[in-house]
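In listed order, ligands and their atoms are each counted from 1. We number each residue from 1, following the sequence as shown.
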Amino acid sequence: MNDAPVIVHADDLFAGYLPGIDILNGCSMEVRQGELIGIIGPNGAGKSTFLKSLFGLVPIRKGTVKLGTEDITNMRADELVKRGIGFVPQNNNVFPSLTVMENMEMGTYQNPKSFKAAWERIGDLFPKLVDRKNQRAGSLSGGERQMVAMGRALMMDPQVLLLDEPSAGLSPDRQDETFVRTREINKTGVTVIMVEQNARRCLQICHRGYVLDQGTTAYTASGQELLKDPKVIELYLGTLGA
Ligand SMILES: Nc1ncnc2c1ncn2[C@@H]1O[C@H](COP(=O)(O)OP(=O)(O)OP(=O)(O)O)[C@@H](O)[C@H]1O
Ligand SMILES: [Mg+2]
């Protein structure tokens, strides 16, 4: 794993929504091909902002993002999709008035010819979506909606998938399913960068984790090491030994 080439490299990012106010102040991350990376940290730390900045949705004021050797800093989202980056946002991640199938079609709008094969692939991964293909996404359960959002991002067959809190708001069973699916997707060769509030579960499945605090990537280590780190336990995992 460790000698795989670096696929995403964020170097010392400063970014924010309002002029003069940086939410990110020094975020760095180096991700190797095939890695499953978890990002944990308290509410408001800037985790979503970090993912959005990688996907061209929050202006980066300083620092660079590279995809392989290409500089993709502040590149538009549609250009990033063409280059193989998929993003599942934390909120409002489906088109509620469209059916499941129509949501999937939106996933391949840049290359409609790829729809049929992609839909078959996604159907194998999420059989539930095939059963529900004619149902409006807005009438699905939270877990099913999450599948639609993930499925849509996967329709373009991305090489890198950015996931923002895929397990949020789901029942424990459904949360578990999300982690299992994420792991499966990663095993097919997709590099995954996931933000998660369920820090314990996230660190259990990820190869490496980053702790993000107050807009800065404080430290990184393997998921297993972070699970044992007293500071991480105290701040993010709750009671010792749980
Ligand atoms: N659209 C926006 N405009 C202005 N400020 C924003 C916007 N979105 C987020 N912020 C601010 O940026 C900071 C970081 O927010 P962000 O959503 O990145 O945190 P987070 O780590 O993802 O938190 P959570 O765990 O609650 O999802 C917060 O102080 C928030 O108020
Ligand atoms: Mg967030």
[atom]: the protein heavy-atom neighbour that sits closest, reported with distance to 0.1 Å:
atom                    : answer
atom 8 (N) of ligand 1  : Y17 CZ, 3.2 Å
atom 17 (O) of ligand 1 : S48 CB, 3.6 Å
atom 23 (O) of ligand 1 : G44 N, 2.9 Å
atom 25 (O) of ligand 1 : K47 NZ, 2.7 Å

Can you sort out which atoms of ligand 1 are near [X], meaning under 4.0 Å from one of its heavy atoms?
X    : answer
Q90  : 27 (O)
T49  : 14 (C), 15 (O), 16 (P), 18 (O)
E165 : 25 (O), 27 (O)
P42  : 21 (O)
N43  : 23 (O), 24 (P), 25 (O), 26 (O)

[X] and [Y]: side chain donor to acceptor below 3.5 Å:
X    : Y    : value
Q197 : S167 : yes
D173 : S171 : no
T64  : D71  : no

Under the criterion side-chain contact (heavy atoms from CB on, under 4.5 Å), which of E35, R181, H207 is the partner of N186?
->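 Exactly one option meets the side-chain contact (heavy atoms from CB on, under 4.5 Å) with N186, and it is H207.
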Please determine whether a side-chain nitrogen of the Lys or Arg among [X] and [Y] lies less than 4.0 Å from a carboxylate oxygen of the Asp or Glu.
X    : Y    : answer
K82  : E79  : yes
R76  : D78  : yes
R121 : D157 : yes

Any N or O of [X] closer than 3.5 Å to N or O of ligand 1:
X   : value
K52 : no
I23 : no
G41 : no

For the pair Y236 and D213, evaluate side chain to side chain contact (heavy atoms under 4.5 Å, CB included) and give the outcome as yes or no after the intermediate values.
-> CA-CA 11 Å; Y236 309 112; D213 198 8; 4.2 Å; yes
N, O or S from T49 under 2.8 Å to the Mg ion (ligand 2) =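 T49 does not place any N, O or S atom closer than 2.8 Å to the Mg ion (ligand 2).
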State whether Q90 contributes an N/O/S atom found under 2.8 Å from the Mg ion (ligand 2).
->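 For Q90, the answer is yes, given that an N, O or S atom comes within less than 2.8 Å of the Mg ion (ligand 2).
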Report yes or no: does A45 have a heavy atom closer than 4.0 Å to ligand 1?
->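 Contact present.
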Does the protein put a heavy atom less than 4.0 Å from atom 14 (C) of ligand 1?
-> yes
Transitive ILVMFWY side-chain link I39 to L163, under 4.5 Å =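 No, it is not one cluster - the side chains of I39 and L163 are not joined through contacts under 4.5 Å.
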Where do C206 and E196 land on the side chain to side chain contact (heavy atoms under 4.5 Å, CB included) test, with the steps shown first?
-> CA-CA 11 Å; C206 72; E196 255 299 327; over 6 Å; no
